[in-house]
A.B. asks: 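The structure's right below; bear with me while I get my questions together.
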Amino acid sequence: MNDSTHPLLHGLNAQQRAAVTTPAGPVLVLAGPGSGKTRVLTHRIAWLLTELRIPAWQVLAVTFTNRAAREMRHRLTDMLGDTSAREMTLGTFHAACVRILRREAEAANLAPNYAIFDSDDQLAVMKQVVKDMNLDDKRYKPRALLNAVSSAKNELIAPDAYPIHTYYDEIIARAYGHYQQLLRNSDGLDFDDLLMKTANLFRDNPLVREKYQRRYRNILVDEFQDTNMAQYVILKALGHEHQHLYVVADEDQSIYSWRGADYRNIRRLREDFPKLTQYLLEENYRSTQVILDAAQAIIAGNRDRTPKHLYTHQPGGDLLTLHEAYDEQEEAEYVAREIRALLRSGREPGAIAVMYRTNAQSRALEEALMKAGIPYRLIGGTRFYTRREVKDILAYLRLVNNPDDDVSFTRVINVPRRGIGAKTLEAVAAQARVQQGSLAKGMMALLHAGTLSTRAHNALLGFASMLKQWRTARENVTVAALIDHVVTDSGYEGYLRDGSDDGESRWENVMALRGAVSDVPNISLTDFLTEVALVADVDELAEEIDAVTLLTLHSAKGLEYPVVFLTGLEEGMLPHSRSMETLDDIAEERRLLYVGMTRAEERLVLSYAFRRGWGYYGSSEPTEPSRFLADLPDEVLGQRQGRRAPQSTPRASWSVGAWGQSSERTAPRPQPEPEYRTGQRVRHTHYGEGMIIESQMEGRDEMVTVMFSSGVGVKRLLAGMAPLEALSEH
DNA sequence: ATGATTTTACTTTTT
DNA sequence: GTAAAATCAT
């Protein structure tokens with residue numbers, strides 16, 4: 001067969017073609033931004049189905065976000081038709097795991113109707129843990145404990161295997177154990193459990209593992225650099241036997257280490273699959289040469305990466321614009337002004353995206369766009385499903401699906417008020433503890449025993465019988481009808497619609513939720529709740545509209561726009577102040593900027609503000625331009641607008657310099673003395689005690705290399721930024 | 001048990 | 001400045 005005439009390969013370059021038609025076996029495609037990796041992935045799937053005659057149901061394709069999954073399914077439907085696209089398993093890791101765990105609930109020792117706990121629910125449970133264990137919530141912050149537990153789960157560490165080096169570790173281990181116990185009482189799984197339980201299921205149950213190995217004889221993974229240990233173990237369990245594992249990765253776009261992602265999985269893959277074939281996609285089809293040069297200059301500032309030679313056949317292009325605004329309002333007004341000019345010159349709103357580091361930054365932009373009458377759509381941000389009234393209704397529904405869900409039980413037991421107060425609830429909780437069961441079980445036992453006061457008894461009985469009615473109704477009616485029952489019987493409608501405007505708008509949200517259910521006719525309650533838990537953004541469900549897109553740099557990954565605005569490029573914003581403690585943190589922030597820049601096809605506008613509101617109450621502080629801007633070569637910069645060119649202020653203080661040329665460009669300044677010396681003992685608030693291995697001045701910053709005693713290992717820290725203190729000598 | 005008042009913490013990124 | 005949490009009064 002002549003490859004070039006095959007319709008599937010039409011329009012692909014030699015590298016892409018080789019990657020699409022590679023024979024069966026383990027494959028790693030290293031793909032730069034804009035090199036057509038989604039294209040390669042979809043064409044590979046089509047190739048498997050049409051050329052190698054693989055049945056669609058044997059294909060498992062995993063993406064990182066629901067949006068990417070939807071996009072890929074869309075493309076495959078166009079290429080292969082509805083049936084094939086529907087038959088294959090295509091979704092996020094979490095979605096795939098949910099399906100497997102529901103089907104294999106018995107083998108996994110789970111209730112098939114288990115609840116999925118989102119981050120709010122997780123926090124509620126951890127607060128309960130802190131309470132139960134009589135911990136001081138100032139010293140043991142539920143959030144921090146949750147983070148530790150989440151990392152442990154992502155590393156597949158069980159509570160009794162949690163490594164203990166300090167007393168704090170000891171507390172974490174116990175809190176972890178108790179947390180899991182509470183989840184179990186509720187028949188609930190959190191996001192991390194979905195991965196961990198699946199990995200453990202495959203580890204402990206060879207029959208189930210083999211079943212899925214046979215089922216998913218072809219596994220494809222997008223954004224492999226952002227997989228964590230649990231996800232890697234799942235992939236290995238399924239793919240190692242048949243070796244048909246096809247992954248696409250770009251280490252320069254690894255931006256989820258805070259979620260346990262470990263780009264070293266690429267190295268593990270090479271070790272675990274010695275027969276791995278590698279392909280490199282280096283031709284960029286997205287951006288102009290200017291944009292590409294700028295992005296490469298930024299990413300070149302990171303060490304420990306494989307250098308790539310991205311190239312494009314679109315030479316030249318518009319130079320970048322770098323704009324300094326006075327504050328975030330004026331920055332937003334500048335963006336709005338520029339967008340208006342673009343729209344006047346014939347750009348579609350949908351061709352433009354505005355990106356930022358944190359969701360909070362969208363506010364000023366929204367206001368400016370609204371004032372300018374520019375249509376926009378916001379990705380992420382205030383999420384529909386996290387609104388109070390929506391969560392209340394969902395809690396009722398979750399309780400109908402799984403009465404043992406204690407988080408939902410606690411949420412709605414007295415909303416609207418039905419005379420069940422703290423005291424009654426404490427009695428229920430005490431009974432639940434006695435019988436080691438859920439609150440619902442405790443409630444039923446108390447009602448049976450009849451030991452409560454008449455008032456409390458009747459109030460509880462009313463609630464219990466309502467629940468029972470809905471559970472019966474659920475068998476015969478649609479989810480939408482069930483919502484109608486719930487809001488009427490519980491009095492929730494009357495409670496919300498108290499005549500206030502706020503009440504009416506909240507009621508509209510409840511109706512919007514009902515509308516979202518009706519959009520999918522015949523969806524089961526369990527499926528609906530699963531979807532809501534995993535697709536946390538209602539925008540994901542809304543259809544595409546022609547509007548300017550507002551989104552964080554994280555959610556921008558995988559997308560592309562003719563015109564991109566990157567805003568808030570200041571120290572503390574990007575790199576974010578909470579992410580500049582270690583060199584690894586800063587390297588990841590740099591990758592984030594790289595991801596943002598490489599989204600742009602034709603025009604890239606960078607902006608920062610001279611001062612920015614920080615406090616929670618209007619206070620505004622002067623800022624420094626992002627250190628990364630210093631790495632932009634003059635050749636890619638066109639206008640420098642605004643009151644201050646970034647180079648005009650000396651910025652040696654934040655050039656991490658040894659491997660960027662930036663330090664050469666900055667004025668010399670007196671060298672301060674290092675604060676730490678080799679051999680000195682130190683304490684870090686997160687990492688515990690350690691010893692300085694090396695300390696050196698880099699510009700005005702002191703860079704220390706510290707070996708920590710607990711499982712943390714060696715970290716490179718900026719002495720000025722890290723919460724580090726010297727320990728006195730003995 | 002509930003409503004009113006005061007206090008406190010909160011914002012990094014997402015499945 | 002907001003939302004949740006703690007405290008107080010009814």
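Everything quoted here is computed from the prediction, not taken from an experiment. A, B, ... follow the sequence lines: proteins, then strands. Residue 1 opens every chain.
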A.B. asks: Determine whether the aromatic ring centres of residues Y492(A) and Y495(A) are separated by less than 6.0 angstrom.
C.D. replies: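 Yes, the ring of Y495(A) comes within the 6.0 Å limit of the ring of Y492(A), centre to centre.
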A.B. asks: Would you indicate which nucleotide in dT11(B), dT14(B), dA1(B) comes nearest to any side-chain atom of W258(A)?
C.D. replies: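 Looking only at side-chain atoms, W258(A) lies closest to dT14(B).
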A.B. asks: Evaluate the side-chain proximity of R411(A) to R398(A): yes if any heavy-atom separation is below 4.5 Å, no if none is.
C.D. replies: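 A side-chain contact is absent here, since even the closest heavy-atom pair is not under 4.5 Å.
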A.B. asks: Rounded to the nearest Å, what distance is computed from the CG atom of residue L593(A) to the C1' atom of nucleotide dT13(B)?
C.D. replies: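 Rounded to whole Å, this separation is 15 Å.
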A.B. asks: Measure the distance from CG on N147(A) to C1' on dT11(B) and round it to the nearest whole Å.
C.D. replies: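 Interatomic distance, CG of N147(A) to C1' of dT11(B): 14 Å.
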A.B. asks: Can you check whether N113(A)'s main-chain N or O pairs, donor with acceptor, with T526(A)'s side chain at less than 3.5 Å?
C.D. replies: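 Pair absent, no side-chain N/O of T526(A) close to backbone of N113(A).
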A.B. asks: Ignoring hydrogens and angles, write down the donor-acceptor pairs under 3.5 Å from the side chains of residues 135-147 of chain A, residues two or more places apart or on other chains.
C.D. replies:
from, atom 1, to, atom 2, distance (Å)
D136(A), OD1, K138(A), N, 2.9

A.B. asks: Check the distance between dT11(B)'s C1' and L574(A)'s CG and give it to me in whole angstrom.
C.D. replies: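 After rounding, the reported distance stands at 16 Å.
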A.B. asks: Base, sugar-phosphate, or nothing: which does R363(A) touch, judged by heavy atoms less than 4.0 Å apart?
C.D. replies: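 R363(A): no heavy atom of the nucleic acid under 4.0 Å.
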A.B. asks: Out of dA1(B), dT13(B), dT15(B), which has the shortest distance to the side chain of R259(A)?
C.D. replies: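 That would be dT15(B).
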A.B. asks: Kindly write out the residues that satisfy ring-ring contact (aromatic ring centres under 6.0 Å, His included) with F463(A), not counting sequence neighbours, or none if the list is empty.
C.D. replies: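 In terms of ring-ring contact (aromatic ring centres under 6.0 Å, His included), with neighbours along the sequence ignored, F463(A) is linked to F409(A).
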A.B. asks: From CD of E588(A) over to C1' of dT13(B), roughly how many Å is that when rounded to an integer?
C.D. replies: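 Computing the E588(A):CD to dT13(B):C1' distance gives 9 Å.
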A.B. asks: Pick the nucleotide of DNA chain B nearest each of A360(A) and F191(A); which residue has the one closer to the 5' end?
C.D. replies: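 So the residue in question is A360(A).
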A.B. asks: Rounded to whole angstrom units, what separation is found between the CZ atom of R143(A) and the C1' atom of dA9(B)?
C.D. replies: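 It is 10 Å, rounded to the nearest whole Å.
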A.B. asks: Is there a side-chain polar atom (N or O) of S119(A) under 4.0 Å from OP1 or OP2 of dT14(B)?
C.D. replies: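 Negative; the distance criterion is not met.
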A.B. asks: Quick one: CD on Q231(A) to CG on N154(A), what's the gap to the nearest 0.5 Å?
C.D. replies: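 Here the interatomic distance stands at 7.5 Å.
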A.B. asks: Give a yes or no answer on whether the side chain of N265(A) reaches the backbone of R268(A) with a donor-acceptor pair at less than 3.5 Å.
C.D. replies: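 Flag not set: sc N265(A) to bb R268(A) has no pair under 3.5 Å.
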A.B. asks: Expressed in angstrom and rounded to an integer, what is the separation of E328(A) atom CD from dT11(B) atom C1'?
C.D. replies: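 E328(A) atom CD is separated from dT11(B) atom C1' by 14 Å.
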A.B. asks: Do R590(A)'s NZ or CZ and the ring of F628(A) fall within the cation-pi criteria of under 6.0 Å and 45°?
C.D. replies: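 No, a cation-pi geometry is absent between R590(A) and F628(A).
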A.B. asks: Under the rule for ring-ring contact (aromatic ring centres under 6.0 Å, His included), what residues qualify as partners of Y256(A), not counting sequence neighbours?
C.D. replies: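 Partners of Y256(A) by the ring-ring contact (aromatic ring centres under 6.0 Å, His included) criterion, ordered by chain and then number, come out as F64(A), W258(A), H554(A).
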A.B. asks: Can you pull every protein N or O that's under 3.5 Å from an N or O on nucleotides 5-7 of chain C?
C.D. replies:
from, atom 1, to, atom 2, distance (Å)
dA5(C), OP1, K127(A), NZ, 3.1

A.B. asks: For nucleotides 2-6 of chain B, which of its nitrogen or oxygen atoms have a protein nitrogen or oxygen under 3.5 Å away, and what is each distance?
C.D. replies:
from, atom 1, to, atom 2, distance (Å)
dT2(B), OP1, G419(A), N, 3.0
dT2(B), OP2, N414(A), ND2, 3.0
dG3(B), OP2, R417(A), NH1, 2.3

A.B. asks: Of the candidate nucleotides dA1(B), dT14(B), dA9(B), which contains the atom at the shortest distance from the side chain of K138(A)?
C.D. replies: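 When the side chain of K138(A) is considered, dA9(B) is the closest of dA1(B), dT14(B), dA9(B).
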A.B. asks: In terms of side-chain heavy atoms of T92(A), which of dA9(B), dT15(B), dT13(B) is nearest?
C.D. replies: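 Closest nucleotide to the T92(A) side chain: dT15(B).
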A.B. asks: Would you mind reporting whether E223(A) and T63(A) have side-chain heavy atoms less than 4.5 Å apart?
C.D. replies: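 SC-SC contact between T63(A) and E223(A) ruled out.
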A.B. asks: Contact class for S579(A) (heavy atom, under 4.0 Å): base, sugar-phosphate, or nothing?
C.D. replies: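 Base contact.
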A.B. asks: With DNA chain B as reference, determine whether H554(A) or A456(A) sits nearer its 5' end, using the nearest nucleotide of each.
C.D. replies: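 Taking each residue's closest nucleotide, the earlier one in sequence belongs to A456(A).
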A.B. asks: Measure from CZ on R70(A) to C1' on dT15(B) and round the result to the nearest Å.
C.D. replies: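 My rounded result for the distance is 15 Å.
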A.B. asks: Are the side chains of L553(A) and Y356(A) in contact, using a 4.5 Å heavy-atom criterion?
C.D. replies: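 No, too far: nothing below the 4.5 Å cut-off.
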A.B. asks: Using atom CD1 of I255(A) as one end and atom P of dT14(B) as the other, report the distance to the nearest whole Å.
C.D. replies: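 Whole-Å distance recorded here is 9 Å.
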A.B. asks: Is there side-chain contact between R418(A) and P416(A), with heavy atoms separated by less than 4.5 Å?
C.D. replies: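 In contact.
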A.B. asks: Donor-acceptor pair, R455(A) side chain versus I420(A) backbone, under 3.5 Å?
C.D. replies: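 Not a single qualifying donor-acceptor pair exists.
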A.B. asks: Going by centres under 5.5 angstrom and planes under 30 degrees, do the aromatic ring of Y256(A) and the base ring of dT13(B) stack?
C.D. replies: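 By the stated criterion, Y256(A) and dT13(B) do not stack.
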A.B. asks: When you measure from the side-chain N and O atoms of N66(A) to the phosphate of dT15(B), is any distance below 4.0 Å, counting only OP1 and OP2?
C.D. replies: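 It does not, given that no N or O in the side chain of N66(A) lies less than 4.0 Å from OP1 or OP2 of dT15(B).
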A.B. asks: Nearest to the side chain of K141(A), heavy atoms from C-beta on, is which of dT14(B), dC10(B), dA9(B)?
C.D. replies: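 The listed nucleotide nearest to K141(A)'s side chain is dC10(B).
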A.B. asks: Given that both pair distances must be under 3.5 Å and the pair must be Watson-Crick or G-U, what runs of three or more consecutive pairs involve DNA chain B?
C.D. replies: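 Detected stem regions: B:1-10 with C:1-10.
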